[in-house]
Amino acid sequence: MTTLTEGRHPGSFLVWEALRDYTRETVTLASGAGKLDPGTVLGKITSGGKFTQLAPAASNGSQTAAAILWGAADASAADAPAVVVLRGPAIVNRNELVWPTGATEPQITAATAALTALGILLR
């Protein structure tokens with residue numbers, strides 16, 4: 001018998017948002033960001049303004065949480081457009097967010113504060 005696995009759904013992390021046309025934007029994911037799941041916390045690369053998965057140890061801007069990926073995206077080999085929750089007011093389920101592998105509690109706390117500053121509250 002074949003076992004089926006259901007992945008994450010677009011926007012499943014979102015509890016509430018004011019207006020989707022206000023809180024969401026289409027952005028560019030940087031080539032090499034890889035295959036990303038909905039709910040991935042993103043950082044914005046200062047040079048060029050493209051987004052990639054949050055990288056707490058980086059020094060190119062991606063160390064600061066700047067958005068949450070709405071739906072799955074693949075930027076493995078080339079830049080890719082993606083819809084993100086970029087600003088609030090919005091409330092998201094913290095348990096459904098995708099953090100970088102190995103992220104520490106202080107790094108997650110810093111990213112949570114950065115998202116809160118954008119009006120995106122984690123509950």
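For reference, positions follow the sequence shown, starting with 1. Being a predicted model, the structure only gives us computed values, none of them experimental.
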Taking the side chain as C-beta and beyond, is there a heavy-atom pair between Ser31 and Asp79 under 4.5 Å?
yes
Indicate yes or no for a side-chain donor-acceptor contact from Gln107 to the backbone of Glu105 under 3.5 Å, with no hydrogens or angles considered.
no
Check: Leu36 and Phe51 side chains under 4.5 Å, non-hydrogen atoms
no
Quick one: are Lys35 and Ser76 in side-chain contact, heavy atoms under 4.5 Å?
yes
Can you tell me how far apart CG (Leu122) and CZ (Phe13) are? Round to the nearest 0.5 Å.
10.0 Å
Taking atom OG1 of Thr104 and atom CH2 of Trp99, what is their separation to the nearest 0.5 Å?
11.0 Å
Distance (rounded to the nearest 0.5 Å) between Ile108 CD1 and Leu97 CG
9.5 Å
With the 4.5 Å side-chain cut-off for hydrophobic clustering, are Leu69 and Leu86 part of the same group?
yes
Atom pair CD1 (Ile120) and CZ (Arg87), whose distance is rounded to the nearest 0.5 Å
9.0 Å
Under 4.5 Å between side-chain heavy atoms, hopping through other hydrophobics if needed: is there a path connecting Ile68 to Leu118?
yes
Which atom pair, heavy atoms only, marks the closest approach of Gly88 to Tyr22?
O-CE2, 3.0 Å
Search all heavy atoms of Ala30 against all heavy atoms of Ala75 and return the closest pair with its distance.
O-CB, 3.5 Å
Please report, to 0.1 Å, the donor-acceptor pairs under 3.5 Å made by any side chain of residues 39-46, with sequence neighbours excluded.
from, atom 1, to, atom 2, distance (Å)
Thr40, OG1, Asp37, N, 3.4
Thr40, OG1, Asp37, O, 2.6
Thr46, OG1, Asn60, O, 3.2

Nearest heavy-atom approach of Ala65 to Leu115 is CB-CG, 3.9 Å
Pair Arg8 + Glu96: basic N to acidic O under 4.0 Å:
no
Output for pair (Arg20 CZ, Leu14 CG), nearest 0.5 Å, gives 11.5 Å
Please round to the nearest 0.5 Å and tell me the distance separating atom OG1 of Thr116 and atom CG of Leu121.
5.5 Å
Taking all non-hydrogen atoms of both residues into account, name the closest pair between Thr64 and Ala114 and its distance.
CG2-CB, 4.0 Å
Are Val83 and Leu54 grouped together when hydrophobic residues (ILVMFWY) are joined by side-chain heavy atoms under 4.5 angstrom apart?
yes
